[in-house]
Amino acid sequence: CQMELRISSNSESSSLFDFGSHSNDYPNISVVDRVQIYTKRLDEALPHDFIPHFVALDIQGAELQALHGLGKLILKIDFLFYDKFFPILR
């Protein structure tokens with residue numbers, strides 16, 4: 001799948017998604033470039049007989065899509081860590 005990656009002035013904020021409220025919270029961070037990338041489901045990218053025991057995801061809001069991309073492989077993972085930002089409701 002081809003997607004657009006938004007490269008930010010702070011590399012930790014680069015994302016496949018629009019900044020949304022992130023722009024309000026961090027006005028000094030902006031999109032400085034956009035590049036086309038190709039993505040692949042994790043269950044298709046990993047060797048058929050590979051079973052990860054630990055998976056860590058910190059991918060700027062795309063964690064749920066990555067979890068879906070694990071497919072049935074997620075049932076074989078012993079430990080899963082993901083970082084998800086939940087904005088404070090105002």
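Keep in mind that the numbers below use all heavy atoms, side chains included, and drop hydrogens, waters and symmetry copies. Just so we're clear, the structure is a prediction, and the values are computed from it rather than from any experiment. We count residues from 1, following the sequence as given.
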With heavy-atom distances below 4.5 Å as the criterion, would you say the side chains of Thr39 and Gln2 are in contact? no
Indicate yes or no: at least one non-hydrogen side-chain atom of Leu42 is less than 4.5 angstrom from one of Leu73.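 Result no, sub-4.5 Å side-chain heavy-atom pair not found.
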Does Ser13 use its side chain to pair, donor to acceptor, with the backbone of Ser8 at less than 3.5 Å? no
Quick one: does Arg34's side chain have a donor or acceptor within less than 3.5 Å of a partner on Arg6's backbone?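 Between the backbone of Arg6 and the side chain of Arg34 there is no qualifying donor-acceptor contact (under 3.5 Å).
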Looking only at heavy atoms, what is the nearest atom pair of Asn10 and Ile29, with distance? ND2-CD1, 3.7 Å
Ignoring hydrogens, what is the shortest heavy-atom contact between Ala66 and Leu57? Give both atom names and the distance. CB-CD1, 4.0 Å
Can you tell me how far the [atom1] atom of [X] sits from the [atom2] atom of [Y], to the nearest 0.5 Å?
X: Glu4; Y: Phe17; atom1: CD; atom2: CZ; result: 12.5 Å
X: Ile7; Y: Ser15; atom1: CD1; atom2: OG; result: 10.0 Å
X: Arg41; Y: Leu46; atom1: CZ; atom2: CG; result: 11.5 Å
X: Asn28; Y: Ser23; atom1: CG; atom2: OG; result: 10.5 Å

Counting only heavy atoms not in Phe54 (residues, nucleotides, ligands), do more than 12 fall under 6.0 Å from its CZ?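 Yes, the 6.0 Å shell around CZ holds more than 12 heavy atoms from other groups.
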Whether over 12 other heavy atoms sit under 6.0 Å from Glu12 CD: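 It does not: Glu12 CD has 12 such atoms or fewer within range.
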Lys/Arg-Asp/Glu bridge criterion (N-O < 4.0 Å) met for Lys72, Asp43: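 Salt bridge absent between Lys72 and Asp43.
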Joint cluster assignment, [X] & [Y], ILVMFWY side-chain distance < 4.5 Å:
X: Val32; Y: Leu16; result: yes
X: Ile37; Y: Phe19; result: no
X: Tyr82; Y: Phe79; result: no
X: Leu75; Y: Leu70; result: yes
X: Ile74; Y: Leu64; result: no

Could you please spell out the steps behind the side chain to side chain contact (heavy atoms under 4.5 Å, CB included) verdict for Leu5 and Asp33? CA-CA 8 Å; Leu5 177 65; Asp33 198 7; over 6 Å; no
